[in-house]
Amino acid sequence: MAILDQASLRVLIAGTTHVLDRNGKEAYVYFETGNRAHMLLDDGETRKGSWALAEGGYVVDWNNGAVGRWTLDHEAGSITYVNQDRDVRVRLAGILFGNAKGLPRAAR
């Protein structure tokens, strides 16, 4: 396991949209260059909150009360989100520059 450092995270997070593979379905997280984050889950649910770099990764506080503490693990040919609070791993399927999905948007 090779955890990405803070310098790498600054480049890979701020101003990008992460495409996450959640059990074969895509979810999207857009990280504004400030501290705002927006998520579109595979079932159409949307979330917004604030994000910040933190020791060993980043933290996002969603407006619904959920908090995500994530580390990004790099192996040859892949990056995986690893939840620091629970044993959850989510494959990062891609990184798109800017707000590629037009988030936030209204929930379906």
Side-chain angles (χ1 to χ4, degrees):
M1 177 150 65
I3 301 300
L4 295 178
D5 62 22
Q6 297 292 297
S8 298
L9 293 177
R10 277 186 197 87
V11 172
L12 295 176
I13 294 179
T16 66
T17 299
H18 286 195
V19 182
L20 305 176
D21 178 352
R22 293 174 30 113
N23 299 318
K25 296 181 180 178
E26 290 185 347
Y28 304 92
V29 181
Y30 169 54
F31 300 93
E32 292 184 17
T33 55
N35 70 343
R36 302 298 302 160
H38 308 278
M39 182 163 43
L40 174 62
L41 295 173
D42 50 85
D43 64 1
E45 178 187 345
T46 61
R47 296 182 186 176
K48 57 185 168 181
S50 60
W51 73 273
L53 292 178
E55 183 70 31
Y58 80 93
V59 176
V60 62
D61 291 306
W62 298 111
N63 288 355
N64 69 353
V67 175
R69 291 175 182 83
W70 297 95
T71 296
L72 274 66
D73 175 24
H74 174 260
E75 295 180 23
S78 71
I79 296 176
T80 303
Y81 272 64
V82 180
N83 186 295
Q84 296 175 355
D85 297 328
R86 301 185 327 257
D87 187 24
V88 175
R89 297 177 67 84
V90 178
R91 186 176 75 83
L92 177 61
I95 298 175
L96 307 170
F97 293 101
N99 187 359
K101 287 296 184 178
L103 301 178
R105 65 168 79 157
R108 293 190 295 211

> Under the side-chain hydrogen bond (donor to acceptor under 3.5 Å, both in side chains) test, which residues partner R22, sequence neighbours left out?
Replying inline: D42
> Can you name the nearest heavy-atom pair linking V90 to W70, along with the distance?
Replying inline: CG2-CH2, 4.3 Å
> Looking at residues at least two apart in the chain, or sitting in another chain, which of them share a side-chain hydrogen bond (donor to acceptor under 3.5 Å, both in side chains) with N99?
Replying inline: none
> Do R47 and N64 come within less than 4.5 Å of each other through their side chains, counting heavy atoms only?
Replying inline: yes
>> For a 4.5 angstrom cut-off between non-hydrogen side-chain atoms, does L103 reach K48?
In response: no
>> My understanding is that only residues two or more places apart in sequence, or in another chain, count here; which of them pass ring pair (Phe, Tyr, Trp, His ring centres under 6.0 Å) with Y28?
In response: none
> To the nearest 0.5 Å, what is the distance between OG1 (T71) and CG (L9)?
Replying inline: 8.5 Å
>> Give me the atom names and distance for the closest heavy-atom approach of V11 to T16.
In response: O-CG2, 4.3 Å
> Of the non-hydrogen atoms in Q84 and E55, which two are nearest, and what is the gap between them?
Replying inline: NE2-O, 4.0 Å
> For Y81 and L20, which heavy atoms make the closest approach, and how far apart are they?
Replying inline: CE1-CD2, 3.4 Å
Taking only distance into account, with no hydrogens and no angle test, what donor-acceptor pairs under 3.5 Å do side-chain atoms of residues 32-41 form with protein atoms, sequence neighbours excluded?
from	atom 1	to	atom 2	distance (Å)
E32	OE2	H38	NE2	2.7
R36	NH1	G49	O	3.3

>> T17: which residues meet the side-chain hydrogen bond (donor to acceptor under 3.5 Å, both in side chains) condition with it, sequence neighbours left out?
In response: none
> If you take all heavy atoms of I79 and H74, which pair is closest and at what distance?
Replying inline: CG1-CD2, 4.0 Å
> Could you go step by step and tell me if E75 and T80 meet the side-chain contact (heavy atoms from CB on, under 4.5 Å) rule?
Replying inline: CA-CA 8 Å; E75 295 180 23; T80 303; 5.8 Å; no
> Which salt bridge (Lys or Arg N to Asp or Glu O under 4.0 Å) pairs, counting each pair once, include a residue from residues 62-72, with sequence neighbours left out?
Replying inline: R69-D85
> If you look at every heavy atom in I3 and G56, which pair is closest and at what distance?
Replying inline: CG2-O, 3.9 Å
>> With rounding to the nearest 0.5 angstrom, report the CG to CG distance, D73 to L4.
In response: 7.5 Å
> Given the rule that I, L, V, M, F, W and Y join up when any side-chain heavy atoms are under 4.5 Å apart, are V59 and F31 in one cluster?
Replying inline: no
